[in-house]
Amino acid sequence: MTAFDRLARPVQKWIRGQGWRELRDIQVRAADAILGRDADVIIAAATAGGKTEAAFLPLLSDVFDRPSDVGGFDLLYIGPLKALITDQAARLTMICDEAELPVTPWHGDIAQSSKARAIKAPRGVLLITPESLEALFVRRGAEIPRLFAATRAVVLDEMHTMLDSERGVQTRSLLTRLDLARGRRLRRIGLSATLGDLNLARAYLQPDNPNSVHLIEADGGESELRLQLKGYTTGAEGDSSAQAQVAQELFTRLRGSDNLVFAGARGQVEFYADALRHLCERQALPQEFYPHHASLSREHRSFVEIRLKNGQLPTTAVCTSTLELGIDIGDIACVAQIGAPFTVSALRQRLGRSGRRAGVPAILRQYAIEAKIEGTSDLSDRLRLRLVRAIAMIELLLENWCEPPRTSALHLSTLVHQILSIIAERGGATAARLFRVLCREGPFRVVDPQTFGAVLRALGNPDTGLIEQAADELLLLGPAGERIVEHYSFYAVFPTPEEYRLLAGGREIGTLPVDNVLAPGMLLIFSGRRWRIVEVDDRDKVISLAPAPGGTVPIFGGDPGDIHDVVIARMFTVLTGDTVPVYLDTAAVQLLEEGRREYKRLGFYRTKIVDQALGAWIVATQTGTAVTTTLALALQSQGFKVQAYDGFLELSHDEADLRSVLQKLADGEMDKIIPRDAILSFEKFHPHLTRDLLIQDALSSRLKADMLTRLCHDLLTK
DNA sequence: GACCTGCTGCGGTTTG
């Protein structure tokens with residue numbers, strides 16, 4: 001029997017209605033893996049590869065052919081974006097309509113009436129965000145068994161975004177809690193674009209038995225890649241002529257087709273969008289370059305997305321990672337990347353947006369901007385580290401490498417969140433039960449009983465007041481805990497900064513972080529246009545704008561990203577090598593040679609520690625952000641002044657000698673490596689933990705203390 | 001030296 005024959009009648013009818021000649025390869029393989037078996041499945045294929053159908057055609061067939069006799073949702077889908085859920089729900093409704101099976105999208109923008117209907121008579125497919133599922137546990141904990149008693153499988157969309165994140169840990173915890181509430185494990189089906197390490201993805205679904213997860217990967221189909229890296233040099237400091245040249249190049253190359261330009265930061269997006277608009281206006285050409293980032297209004301972003309998807313008018317979105325994943329935006333001619341990104345996986349994901357049709361090459365235009373060398377130029381400029389990183393990332397991309405998730409992280413902030421959530425779900429819980437659910441069966445397996453006890457004590461501290469113990473050992477929410485859990489902002493595990501709302505002509509055009517110092521009369525570039533600030537309302541955090549002829553780009557802030565050890569190691573291979581990649585233009589070749597010359601001149605080809613002057617050194621750690629930052633903190637706590645770069649530290653000290661301090665570190669003679677004033681609170685629930693716990697959390701995720709002695713030993717001997 | 005994601009229940013008012 002063919003895969004098609006095994007599908008239910010309504011599903012076959014829908015497939016014929018689509019005019020499909022045959023099922024795609026992954027759809028056939030998914031049908032085989034899903035129908036009549038019960039193993040977990042991962043379906044990995046590029047965007048628009050028919051993954052959703054591959055999972056749902058067999059899953060729905062099972063629901064149609066063997067309807068359940070108890071109430072409850074038949075299938076659960078968890079997606080990371082509201083827009084994705086709305087999109088997928090519309091697609092599934094077409095398949096389910098015929099058989100009158102309800103499809104319920106559920107997120108913050110869905111009307112309460114439709115949610116109430118679904119709760120009253122749960123059936124069919126529920127598509128939900130992690131946050132809304134969290135809210136169901138907190139607000140309707142007692143009803144969870146009824147709602148999901150009959151559920152046959154959960155589909156996890158865009159699974160690669162979940163592997164290493166707080167949100168991914170939250171989702172895994174919710175699934176464990178769902179299993180326990182039902183008294184039966186729910187089958188997991190993961191959908192993903194290209195995954196770096198498939199075994200880690202399997203372990204995400206089944207930590208105890210990763211090999212039992214059935215893997216379906218779309219074979220080959222990798223289209224040809226056309227690649228170019230162009231180098232640019234700025235003039236004196238504060239000069240933006242190189243950026244203007246890149247804008248001119250983008251204008252010439254991209255006009256007339258659909259493209260994505262990843263500019264790296266929201267401020268940069270605004271700069272290039274403004275420059276490109278200006279170039280169009282000067283030549284009296286219609287506008288086709290639009291900014292796209294998270295601070296712009298939903299309305300503006302939808303406008304750009306729809307323009308891209310329609311394919312009627314040529315459209316280039318200058319964007320941040322907002323357009324890395326999510327809804328289908330149609331065929332893209334080329335992906336441009338200004339400056340190197342922080343991860344190879346982001347680069348790969350971005351490139352996946354181009355050249356998706358068979359026979360059409362994917363095109364990557366990479367731009368590297370370096371500063372003119374002056375007396376005051378820093379190490380990063382002199383070694384041309386931006387260009388070098390861009391090359392290292394492209395090389396690793398071509399080798400199909402990408403960053404693995406860090407599985408040792410404790411995720412203590414999310415652990416606090418889940419402790420509060422379980423207590424709210426059940427109206428109370430014992431410490432033993434919390435530990436069993438979260439740390440033995442759930443995702444917090446690297447948290448040992450001692451650490452878990454310390455977390456509970458921190459939350460139970462009368463000054464914190466998040467939880468308290470009743471006479472029968474039951475843990476309950478304290479007054480502060482109740483306040484936090486009752487507020488709707490509780491459901492997300494990630495923090496949200498405070499922002500101004502920007503109004504123009506009475507309409508909201510976006511938001512700005514409050515750390516911008518803004519006053520009436522100041523000029524602003526925002527949403528690809530120029531404005532004058534009319535009024536700042538500090539109480540309600542509202543700023544009114546009027547059109548203006550000039551402006552400057554605002555500050556959006558942000559934290560520096562972590563660069564992996566493998567990327568830094570490759571940067572050193574590039575710096576010490578003498579081959580010139582074929583995809584570099586003349587200016588980039590010139591810049592690479594300048595960087596390599598400077599590396600030799602500093603003397604790094606024979607040592608890793610270079611003496612600059614009395615009490616000043618440059619150290620080539622040759623390690624990623626986590627290890628390099630660990631050494632930087634350890635030296636800071638010994639009174640060193642430290643400046644960190646990709647794989648390098650610039651150090652100075654009035655009295656101490658670097659080599660003898662490194663020797664002490666290499667011998668493991670120092671236990672205090674975190675300075676007293678180090679900032680350790682980054683995640684949403686970190687403020688409720690003790691400093692010792694924050695240090696433990698940082699050491700498990702952002703730092704690497706276990707590598708420190710070896711690094712110091714290496715620095716002294718090589 | 002960065003980016004992104006998400007959100008309930010209730011009381012009041014308006015409209016058909």
Side-chain angles (χ1 to χ4, degrees), chain A residues 78-86 106-113 115-116 119 128-141 157-158 160-162 164-171 174 262-269 291-296 298 301 318-327 337-343 345-347 349-350 369 371 378-381 385-386 389 414 417 421 424 484-497 511 513 555-563 567-568 624-625 628-629 632 643-648 682-684:
Chain A
I78 302 179
L81 305 171
K82 290 187 288 190
L84 194 59
I85 284 175
T86 307
W106 185 305
H107 54 67
D109 298 345
I110 300 290
Q112 271 191 38
S113 52
K115 293 178 183 171
I119 289 282
I128 196 164
T129 59
E131 287 73 18
S132 285
L133 185 57
E134 183 81 55
L136 278 180
F137 271 94
V138 172
R139 304 270 169 191
R140 303 175 181 273
D157 206 354
E158 304 278 14
H160 57 284
T161 64
M162 296 292 208
D164 204 15
S165 65
E166 298 301 320
R167 223 174 164 204
V169 173
Q170 173 190 28
T171 304
L174 290 170
F262 289 95
R266 285 169 286 178
Q268 292 295 302
V269 166
H292 193 286
H293 57 74
S295 297
L296 297 172
R298 187 62 249 171
R301 286 166 63 179
V318 187
C319 59
T320 56
S321 49
T322 39
L323 288 178
E324 234 172 71
L325 53 97
I327 59 159
Q337 170 73 43
I338 306 174
F342 287 92
T343 62
S345 47
L347 187 60
Q349 189 72 30
R350 290 169 188 185
I369 298 177
D378 70 15
L379 188 69
S380 169
D381 286 337
L385 291 186
R386 276 174 289 262
R389 191 165 96 220
T414 302
H417 182 260
S421 175
I484 291 179
V485 172
E486 271 168 22
H487 196 265
Y488 65 73
S489 61
F490 174 70
Y491 311 118
V493 288
F494 48 86
T496 339
T511 59
I555 298 157
F556 288 96
D559 335 297
D562 273 7
I563 310 220
V567 175
I568 301 286
T625 314
T628 301
T629 309
Q643 177 69 49
Y645 305 95
D646 285 1
F648 291 93
F682 303 99
E683 306 290 347
K684 187 169 174 184

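Here the structure is a predicted model, which means the values were calculated and not measured. Here is the naming used below: chain letters follow the sequence lines, and residue numbers restart at 1 for every chain.
Distances shown here put a side-chain N or O of K115(A) below 4.0 Å from the OP1 or OP2 atom of dT8(B). In terms of phosphate contacts, R301(A) brings a side-chain nitrogen or oxygen within less than 4.0 Å of OP1 or OP2 of dT5(B). A sub-4.0 Å separation between OP1 or OP2 of dC4(B) and a side-chain N or O of T320(A) is present. Proximity of R167(A) to the phosphate of dG6(B): no side-chain N or O atom is located under 4.0 Å from OP1 or OP2. Neither OP1 nor OP2 of dC7(B) sits under 4.0 Å from any side-chain N or O of R139(A).
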Legend entry - Check against side-chain contact (heavy atoms from CB on, under 4.5 Å), Y491(A) and R139(A): CA-CA 11 Å; Y491(A) 311 118; R139(A) 304 270 169 191; 2.5 Å; yes

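If you check the side chains of T129(A) and H107(A), you find no donor sitting under 3.5 Å from an acceptor. With hydrogens and angles left out, the side-chain atoms of E134(A) and S421(A) include a donor and acceptor closer than 3.5 Å.
In this entry the distance linking CD of Q349(A) with P of dT5(B) reads 14 Å, nearest Å. Counting to the nearest Å, the P atom of dG6(B) and the CD atom of E158(A) are 12 Å from each other. Taking atom CD1 on I555(A) and atom P on dC3(B), their separation rounds to 12 Å, with Å as the unit. The nearest whole Å value for the distance from the CZ atom in F262(A) to the P atom in dC3(B) is 14 Å. Atom pair D562(A):CG and dG1(B):C1' shows a separation of 11 Å (rounding to whole Å applied). Between the NZ atom of K684(A) and the C1' atom of dC4(B) there is a distance of 15 Å, given to the nearest Å. If you take CD of E131(A) and C1' of dG9(B), they are 18 Å apart, rounded to a whole angstrom. Rounded to whole Å, the distance from CG on L296(A) to P on dT5(B) is 11 Å.
Using a 4.0 Å heavy-atom cutoff across all strands shown, L136(A) reaches no nucleic acid atom at all. Within 4.0 Å of R298(A), counting heavy atoms only, lies no atom of the nucleic acid at all. Residue-level contact check: T322(A) touches the backbone only, with heavy atoms under 4.0 Å from sugar-phosphate atoms and none from bases. Residue G561(A) is in base contact, counting any heavy-atom pair closer than 4.0 Å across all strands shown.
The base of dG1(B) sits with one of its N or O atoms less than 3.5 Å from a complementary donor or acceptor on the side chain of D646(A).
With centroids closer than 5.5 Å and planes inclined by less than 30 degrees as the test, F494(A) and the base of dT5(B) pass as a stacked pair.
Side-chain proximity of S321(A) to dT8(B), dG6(B), dC4(B): nearest is dC4(B). Taking every side-chain heavy atom of T129(A) into account, dG6(B) is the closest of dG1(B), dT8(B), dG6(B). Taking the side chain of Q112(A) as heavy atoms from C-beta on, and the options dT5(B), dG1(B), dC10(B), the nearest nucleotide is dC10(B). Taking only side-chain atoms of K82(A), from C-beta outward, the nucleotide of dG1(B), dC7(B), dT5(B) with the closest atom is dC7(B). The nucleotide whose nearest atom lies closest to any side-chain atom of H107(A) is, among dG6(B), dC7(B), dA2(B), dC7(B). Comparing atom distances between the S132(A) side chain and each of dG9(B), dC7(B), dC4(B) picks out dC7(B) as nearest. For L81(A), whose side chain is taken as the heavy atoms from C-beta onward, the closest listed nucleotide among dC7(B), dT5(B), dT8(B) is dT5(B).
A side chain to side chain contact (heavy atoms under 4.5 Å, CB included) with L323(A) is found for one member of H293(A), R301(A), R350(A), H292(A) and no other, namely H292(A).
F342(A) carries R389(A) over the face of its six-membered ring, with the cationic atom under 6.0 Å from the centre and within 45° of the normal.
The nearest pair of heavy atoms linking S380(A) to R386(A) is OG-NH1, 4.4 Å.
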